[in-house]
Amino acid sequence: MKELVILSGKGGTGKTITTGAFASLAKNKVLADCDVDAADLHLLLKPEIKEESDFLSGTEAVIDKNLCNECGLCRELCRFDAISEDFTVNPIACEGCDFCANACPQKAITMQRNPKGKQFVSETKFGPFVHAKLGIGEDNSGKLVSQVRKKANEIGKKLKSDWIIIDGSPGIGCPVIASMGGADCALIITEPTMSGLHDADRIIKTAKHFNVPVKLIINKYDLNPEMSDKIEDYCKSNDISVLGKLAFDKTVVEAMVNGKTIIEYAPESEISNALREIWNKINTEIL
Amino acid sequence: MTPRLFDSKTLLLTMIISIASGKGGTGKTTVATNLAFAIGKAHILDCDVEEPNSHIFIKPEITSKSPVYIPVPEIDKSKCDFCGKCAEVCAYKAIAVLKTDVLVFKELCHGCGACEYFCQKKAIKEVNRTIGYIETGEKGDLLFTGGKLNIGEAMAAPLIKEVKNRVKLQMTNIIDAPPGTSCSMIEAVTASDFCVLVTEPTPFGLNDMILSVEVLRKLHIPFGVIINRSDLGDDKTVTYCEKENIPIIMKIPFDKNIAMAYSQGKSIIEALPEYKQKFIALYEDLKERIE
Ligand code: SF4
Ligand code: SF4
Ligand code: SF4
Ligand code: SF4
């Protein structure tokens, strides 16, 4: 079983569209959406939820006004400015570090654990799908990502799947690190722009830092062929294989509007053929 | 209520406008930088510290670069009696106390300070761990402050906080926020006078925008929406905004020239000068909404 994570560094480069295409093309796989802050893959896969569980992570301080004598110690100690002048805790700012609860002489502070999101195991026409919804404004997305991946791997092992295909999150921080650590391949989708190159460089370095093998796709390469060449040169000098280049195509948006993967919506289009070729390469290069 | 950094009544000229988006790649940086160029005299703060891009368009002359740290414990084993208290109070399991050793897992430490406070033997000293750095610079009348997270670093929020501490009084501050609705985004938009949500009129764009809307409502930050590539997609975003009473403050149709300019690191204003007036109008509109 191989784990393939699709990343973009910069968001909005076509990561989910590509994952959707692979969902159509790959056989015997489990799909996972690890972009838990902005999960979109379900819009293409139309999951039927089979299993739902609460995501519990982190805690928040709560001050019992009856016990508190307003000594002010907690406010002084809290490094995250989470306690107001009238000694109420701002749950969004609270990091759940327990410092105040351990320090309060009146034992007026308790740490409470609230459900912060939900994790789903679903059935789709493409196979099993693990996804999640993080509560509004909750942190700890990294932990939720790890849980989603773990669940997808469990299912994959049970079903003897060939692939775990993961839609990763943008950026290079906590959720991204959680999406890609230990994966067999990080596939980066980038665009031929200055920012695209800059962001790809940062995500590639992050993948290297965690020893994850990297491959790359250039999306909308024809918007700036010159920059596209530059990215290819960059990849060559960094020993990264460019699996393919996709042309800008409005059909992609149409497919999305219709809630379909590009392979379903326009199976014979140029872009679908290009994605098919890329998928075949992934099969021979990784599996 | 969210804490305000500054009271705009007493400091009329200090304004904080954050530019955010649920989904990445919708044109957040484009709006932030073009708005700054149109205003002429402004301060742009890049809080998208994981993938900062504003500098590509602003091209500031960098005048200073300083590291940002979080405090992490360092154990003086000659003073430590391995009592285990520090490990007990650490909510993130960043310390493990063995029989004759104490291990600190620095990447897990949030720098809360509890271990140092509770160590009876005064065996813990806090030292700095660099998580990224901040660059400041100028481009004509534009001031630039940008954070960059180190590669392999998970903790973005403390760096964003540092960037935000550089907000300048008596001028317009434009914050380029990270995408999504995570703690990083919240850190970046908190205390803004107004938040501009940049979206694209596609199912993905709308799905992610709705999440941002919920966050901004929870934070009590007034906001409006800019629809980028407004002719590529469907009309559900407009319908949603109308139903929810969310002002659509600008629409930017898809234009290959804009895409081309963007790819070369150029502003829209440079490529299509007629946009200067549109961004000035946007600024006037934002000012009115804030007052
Ligand atoms: S430390 Fe305890 S008693 Fe003191 S102000 Fe905080 S909650 Fe109240
Ligand atoms: S748990 Fe930590 S972050 Fe939360 S209020 Fe207490 S000291 Fe502050
Ligand atoms: S609390 Fe202090 S004395 Fe106890 S194990 Fe930790 S460092 Fe050592
Ligand atoms: S500073 Fe806080 S998070 Fe870091 S090791 Fe000490 S107790 Fe744990």
Side-chain angles (χ1 to χ4, degrees), chain A residues 8-13 16 37-40 43 59 77 79-81 84 92-93 95-99 102-103 111 134 136-142 169-178 191-196 198-199 202-203 205-206 209-210 220 223-224 227 248 250 253 256-257 259, chain B residues 2-3 21-27 29 48-53 56-57 71 88-92 110-114 117-118 149 151-157 178-186 190 200 202-204 207-208 211 214-215 218-219 232-234 256 259-260 262-265:
Chain A
S8 69
K10 176 176 154 48
T13 56
T16 303
D37 281 323
D40 289 332
L43 298 172
T59 52
L77 296 178
R79 287 191 179 167
F80 305 98
D81 298 327
S84 69
I92 292 178
E95 281 263 322
C97 71
D98 296 8
F99 194 175
N102 283 321
M111 300 304 297
L134 198 62
I136 291 304
E138 295 297 356
D139 49 9
N140 266 315
S141 44
S169 42
I172 61 162
C174 159
V176 182
I177 294 172
E191 284 178 2
T193 62
M194 295 251 298
S195 348
H198 179 258
D199 294 349
R202 279 170 68 78
I203 182 75
K205 286 191 176 130
T206 307
H209 182 92
F210 293 100
K220 306 185 191 164
L223 280 185
N224 188 339
M227 187 59 73
F248 175 73
K250 286 187 183 175
V253 179
M256 195 205 294
V257 167
Chain B
T2 36
S21 73
K23 181 171 152 16
T26 55
T29 301
D48 189 356
V49 302
E50 292 182 38
E51 297 288 20
N53 285 152
I56 293 174
F57 299 90
E88 186 194 308
V89 298
C90 178
Y92 309 103
H110 288 226
C112 73
Y117 179 83
F118 286 107
L149 191 69
I151 299 292
E153 178 57 57
M155 238 156 305
T181 51
S182 62
C183 37
S184 300
M185 177 268 191
I186 291 172
T190 296
E200 55 180 39
T202 62
F204 289 5
N207 183 58
D208 300 346
L211 298 173
E214 288 177 45
V215 169
K218 204 165 163 181
L219 294 170
L232 288 187
D234 55 25
K256 271 210 166 176
M260 189 65 191
Y262 177 84
S263 75
Q264 296 164 330

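Per chain, numbering begins at 1; letters A, B, ... match sequence-line order. Model, not experiment: these values are computed from the prediction.
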Quiz item: Just how far is it from atom CD of E88(B) to atom CZ of F118(B), taken to the nearest 0.5 Å?
Solution: 9.5 Å
Quiz item: So, does D48(B) use its side chain to make a donor-acceptor pair with the main chain of P179(B) at under 3.5 Å?
Solution: no
Exercise. Under 4.5 Å, counting heavy-atom pairs only, tell me which of T16(A), T13(A), L223(A), N102(A) racks up the most with chain B.
Key: N102(A)
Quiz prompt | M155(B) CE to C183(B) SG distance, which is reported to the nearest 0.5 Å | solution = 10.0 Å
Exercise. Pick whichever of M111(A), K220(A), H209(A) has the most heavy-atom pairs under 4.5 Å with chain B.
Key: H209(A)
Practice problem: Using distance alone, with no hydrogens and no angle criterion, decide if Y262(B) and T29(B) have a side-chain donor and acceptor under 3.5 Å apart. | Solution: no
Quiz item: So which of C97(A), A103(A), S84(A), P175(A) has the largest heavy-atom pair count under 4.5 angstrom toward chain B?
Solution: C97(A)
Practice problem: Between chain B and each of D98(A), D199(A), D37(A), count heavy-atom pairs under 4.5 Å; write down the option with the most. | Solution: D199(A)
Practice problem: Using non-hydrogen atoms and a 4.5 Å limit, figure out which bit of P52(B) sits close to chain A: side chain, backbone, both or neither. | Solution: both
Self-check item: Residue part contacting chain A, namely of F204(B), when any heavy atom lies under 4.5 Å
Solution: both
Self-check item: Any side-chain donor near an acceptor of the partner, T202(B) and E200(B), under 3.5 Å
Solution: yes
Self-check item: Euclidean distance, M185(B) CE relative to T190(B) OG1, rounded to 0.5 Å
Solution: 8.5 Å
Quiz item: With only heavy atoms counted, which part of K250(A) is less than 4.5 Å from chain B, the side chain, the backbone, both or neither?
Solution: side chain
Exercise. Examine distances only and state if a side-chain atom of R79(A) and a backbone atom of G111(B) form a donor-acceptor pair shorter than 3.5 Å.
Key: yes
Exercise. Tell me, out of C112(B), A157(B), S184(B), who's got the most heavy-atom pairs with chain A below 4.5 Å.
Key: C112(B)
Quiz item: Would you find a donor on one side and an acceptor on the other, under 3.5 Å apart, between the side chain of E191(A) and the backbone of G196(A)?
Solution: no
Quiz prompt | chain A contact via Q264(B) - which portion, at a heavy-atom distance below 4.5 Å | solution = both
Quiz item: At a heavy-atom separation under 4.5 Å, does I172(A) approach chain B through its side chain, its backbone, both, or neither?
Solution: both
Quiz prompt | Under 4.5 Å from any heavy atom of chain A - which part of A259(B) | solution = side chain
Practice problem: Counting only heavy atoms closer than 4.5 Å, note whether F248(A) contacts chain B via side chain, backbone, both or neither. | Solution: side chain
Exercise. For the residue pair F99(A) and Y117(B), categorise the inter-ring angle as parallel (less than 30°), tilted (30 to 60°) or perpendicular (more than 60°).
Key: perpendicular
Quiz prompt | Contact class of M256(A) relative to chain B, heavy atoms under 4.5 angstrom | solution = both
Quiz item: With only heavy atoms counted, which part of V253(A) is less than 4.5 Å from chain B, the side chain, the backbone, both or neither?
Solution: side chain
